[in-house]
Q: 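Handing you a structure now.
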Amino acid sequence: MIRTRFAPSPTGFLHVGGARTALFSWAYARRHGGRFILRVEDTDLARSTPEAVQAIFDGMRWLGLAHDEGPFYQTQRMPRYREVIAEMLAAGTAYHCYMQPDELDRLRAEQREQGRKPRYDGRWRPQPDKHLPAPPAGIEPVVRFRNPADGVVAWEDLVKGRIEFANSELDDLVIARADGSPTYNFCVVVDDWDMGITHVIRGDDHVNNTPRQINILQALGAQVPLYAHLSMILGDDGQKLSKRHGAVSVMQYDDAGYLPEAVLNYLARLGWSHGDDEIFSLQQFCEWFDLDHITPSAAQFNSEKLNWLNAHYLRRCDAGRLADLVRPRLAARDVVVGETPSLAAIIELHRDRVGNLNELADVAEPFYIDLQPRSELLARHLTPETLPLLDDFAARLGEVPWQAAAIAALIKECVARHGLKMPKLAMPVRVLLTGLEQTPSVDALIALFPRATALERLARAGRLASPATDAAA
RNA sequence: GUCCCCAUCGUCUAGAGGCCCAGGACACUACCCUUUCACGGUAGGUACCGGGGUUCGAAUCCCCGUGGGGACGCCA
C-alpha cells in the first residue's frame, strides 16, 4: 500500500510551491489506491501559528485535495519523540553534547575562514579509545545523532536519479535541544517511520536533509522510504519566490477570480507532463500521474498560461455554478442581483469573452445597477447622425418579438432604412444599455434585458444627449 | 569556501542514439471570421549553454568548462 504525505510547517499560507507538492503527493496516492496523509510540522513554536494552520487547510480545501489520514500535529507527538531519543541514547546511536552555542559559532566561523565546510567537530562523540571530559556542571546537554563516520549514503531519487553523499560530509546533527525538544530532521524521521510513509514527495530544498534522515532511519532499523524531490517553482520573472517577492497564497488566486480546476491543471503541468496534453481534468490527471515524467529542473511560473487555462475552464463550466461563484463577488460590491435577467443568463452570454470571475462580475454589474453611462461615451456615440436612427429603432423595439433573431432583423432593417452602417446603431445601444463600448452582439444583449428595461435605457438617449446635439437634431 | 542539484523556443514542455535540419502549448505577428471587443480558425518566426570525447550516427551517453539554484542552524 502506497502512503504519501504532505507536511507543511504552518508559518504562512499555502503558496504555489506547496500546493504543487501537495497535489503531486495526493495524486500519487490516488493513482495507486494508496493513502494521503496530512501532517503539520509545527515544532517551531515561535513561528507556527493557528492562523497559518487554518490558511493551509483553507488552501487545500479550495483546491479539493482531501487527506485520508490526519491532520497529525508534531507538537502532539512529543512523548513519542522523547521515547525514541531515550532508546537511541541507550543504544548508543545518539549521545549528549555539552558544547555551548557560542563555542559552536566560533568553531564554525573559524572553519569557514579556512575555506572548510562548517560542521560540528564531534568533540563529545564517544569513541572506543577516547576519553571524554566530565560533563560541565549546570549545562543541559543537547542530544546529537551519531552519524556513520565513513562510507556513503545514497538513494535512487525518483525524480533526480541516484544521489550520493559521503558520510564524511555529514556531521552529528542535534536531534534534541537543550530543553529536550526534538528538532525537525528527527521528527520527520520518526513520523515517516511511524506513519508508514512509502514515498516522500517533497521540495528540492530537502535533498540535503535526506542523507541525514536516511542515516537516522537506518540507525533505528526502520524501512527507508522512496524519495522524490521536486524542483522549485520560480516567479514570473525567474526569481525565487519569497514572502516579499511573488510568493502568493493559492487563496489569492481565488480572490483574483481563478477557478480551482484551472490552478490545479496549471500546477499539474508545471514540472510534469503527459506528452503534448495540456488540458485535462483532475481525474484524468490522477490516472496519468507518475513520477517518471517529472522534470528535474526548476520551473518558472507563467501567469499568462494560467490565464489562458482559466478562460478555458470558464467557458466550459456550468453556468449555474459560475453564477454561484460570481454572486458573492457582486455582493461584495453592494450590487443586488435581481431576478431578470438571471445571472446565469448573463454569464452564458459573456463567459467566452472574459478571463476570470471578477471580469464576469464586471460585465454582470451594469445589468443590476442604476446605470449612468459616462458622458464622453455618450458624446462619442450619440451624434446627430445616429439619434434619429436610435429613436426609430427604440420606437419599433416595442413591438418586435422578444428574441435575439427578431431583434437582429429589426436592427438590420433600421440601419438599412437610414442608410447607415451597423456600428452606428450598435455602439450607442451598447453604451446606453451597459455603459460599455465592448459587449456581445447587441441583439443578444438587448434580448437579455426585460423589454421594459431595455426600452427605458434606450429612451434616455434623448435626455442624455447634449442640448447642442438636441438643437442640431 | 565545501557539498549537492539543474541546463531544449521569451515561458511550460515532448524527446529515454537514428522516427528531430527538434514536436505541442502559452505569449507574439499576419490573415480569415465579424455588429464593437473578444472567442474561434489558418499561417508564421524563435530553442538543443560551450568545448572535448564515445559511436556509422548524439538534444539524447561520458568528461571538462560556464551559468543558475539549493544546502552547510539547538529553523522547518
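Naming convention: chains lettered A, B, ... in sequence-line order (proteins, then strands); numbering from 1 in each chain.
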Q: Compare side-chain N and O positions of A:Arg269 against OP1 and OP2 of B:U13 and report whether any pair is under 4.0 Å apart.
A: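 Answer is no, no contact under 4.0 Å.
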Q: Determine the contact category for A:Thr439: base if any of its heavy atoms lies under 4.0 Å from a base atom, sugar-phosphate if only primed atoms, P, OP1 or OP2 are that close, otherwise nothing.
A: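 It contacts base atoms.
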Q: For a quick test of reading the model: is some side-chain N or O of A:Ser273 closer than 4.0 Å to OP1 or OP2 of B:A14?
A: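 Affirmative; the distance criterion is met.
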Q: Looking only at the side chain of A:Phe165 (C-beta and beyond, no hydrogens), which of the listed nucleotides B:C12, B:C39, B:C3 gets closest?
A: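 Of all the options, the side chain of A:Phe165 is nearest to B:C3.
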Q: With rounding to the nearest 0.5 angstrom, report the CZ to CG distance, A:Phe367 to A:Leu343.
A: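 Taking CZ in A:Phe367 and CG in A:Leu343, the distance rounds to 10.0 Å.
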Q: B:G70 P sits how many Å from A:Glu169 CD, rounded?
A: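 After rounding, the reported distance stands at 19 Å.
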Q: Could you please name the option among B:C6, B:U13, B:C3 that lies closest to any side-chain atom of A:Ser297?
A: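 Given the options B:C6, B:U13, B:C3, the side chain of A:Ser297 is closest to B:C6.
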Q: Within the structure shown, what part of the strands sits under 4.0 Å from A:Glu437 by heavy-atom distance: base, sugar-phosphate, or nothing?
A: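 Counting heavy atoms under 4.0 Å across all strands, the contact made by A:Glu437 includes a base.
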Q: Checking contacts here: which listed nucleotide (B:C4, B:G69, B:C39) is nearest the side-chain heavy atoms of A:Met232?
A: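 When the side chain of A:Met232 is considered, B:G69 is the closest of B:C4, B:G69, B:C39.
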Q: Could you measure the distance from the CG atom of A:Asn302 to the OH atom of A:Tyr266? Nearest 0.5 Å is fine.
A: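 Going from the CG atom of A:Asn302 to the OH atom of A:Tyr266 covers 5.0 Å.
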Q: For nucleotides 25-35 of chain B, read 5' to 3', which letter fits each nucleotide if B means a protein heavy atom sits under 4.0 Å from the base, S means only the sugar-phosphate is that close, and - means neither?
A: BSS-------B
Q: Under 4.0 angstrom, heavy atoms only, what part of the nucleic acid is A:Glu113 near: base, sugar-phosphate, or nothing?
A: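 Contact class for A:Glu113: none.
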Q: Could you check whether A:Asp171 and A:Asn147, counting side-chain N and O atoms only, form a donor-acceptor pair closer than 3.5 Å?
A: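 Short answer, no.
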Q: Would you call the rings of A:Phe13 and A:His15 parallel, tilted or perpendicular if under 30° counts as parallel and over 60° as perpendicular?
A: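 If you compare the ring of A:Phe13 with that of A:His15, the planes turn out perpendicular.
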Q: A:Thr183 and A:Phe145: side-chain contact (heavy atoms from CB on, under 4.5 Å), yes or no, with the steps?
A: CA-CA 11 Å; A:Thr183 60; A:Phe145 170 62; over 6 Å; no
Q: Look at all strands and tell whether A:Asp42 reaches a base, only sugar-phosphate, or nothing, counting heavy atoms closer than 4.0 Å.
A: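 Here A:Asp42 touches no strand at all.
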Q: Within the 4.0 Å heavy-atom criterion, would you say A:Thr295 contacts the bases, only the backbone, or no part of the nucleic acid?
A: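 Sugar-phosphate contact only - A:Thr295 comes under 4.0 Å of backbone atoms but never of a base.
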Q: Hey, do the aromatic rings of A:Tyr28 and A:His199 have their centres closer than 6.0 Å?
A: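 Under 6.0 Å, so yes.
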Q: How would you label the contact of A:Arg119 with the nucleic acid (heavy atoms, under 4.0 Å): base, sugar-phosphate, or nothing?
A: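 No contact.
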Q: When the distance from NE2 of A:His229 to C1' of B:A71 is rounded to whole Å, what number comes out?
A: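 These atoms are roughly 12 Å apart.
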Q: Identify whether any heavy atom of A:Tyr266 sits under 4.0 Å from a base atom; if not, whether one sits that close to sugar-phosphate; answer base, sugar-phosphate or nothing.
A: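 A:Tyr266: no heavy atom of the nucleic acid under 4.0 Å.
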Q: Please find out if less than 6.0 Å separates the ring center of A:Trp288 from that of A:His274.
A: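 Between A:His274 and A:Trp288, which both carry aromatic rings, the centre distance is below 6.0 Å.
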Q: Between B:C12, B:C6, B:G1, spot the one nearest the side chain of A:Pro296, thanks.
A: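 Looking only at side-chain atoms, A:Pro296 lies closest to B:C6.
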Q: To the nearest 0.5 Å, how far apart are CZ in A:Arg80 and CG in A:Asp191?
A: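 If I round to the nearest 0.5 Å, the distance is 9.5 Å.
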Q: Just the rounded figure in Å: distance from P of B:G24 to CG of A:Leu270.
A: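 After rounding, the reported distance stands at 21 Å.
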Q: Starting from the 5' end of RNA chain B, give me the residue, A:Asn208 or A:Trp272, whose nearest nucleotide shows up first.
A: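 Upstream on the strand: A:Trp272.
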Q: Using a cut-off of 4.0 Å on non-hydrogen atoms, how would the nucleic acid contact of A:Ala178 be classed: base, sugar-phosphate, or nothing?
A: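 Base contact.
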Q: When you measure from every atom of RNA chain B, which of residues 137-148 of chain A have a heavy atom less than 4.0 Å away?
A: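 A:Val142, in order of number.
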Q: Check the angle between the aromatic planes of A:Phe24 and A:Phe289 and answer parallel, tilted or perpendicular using the 30° and 60° thresholds.
A: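 Correct class here is tilted.
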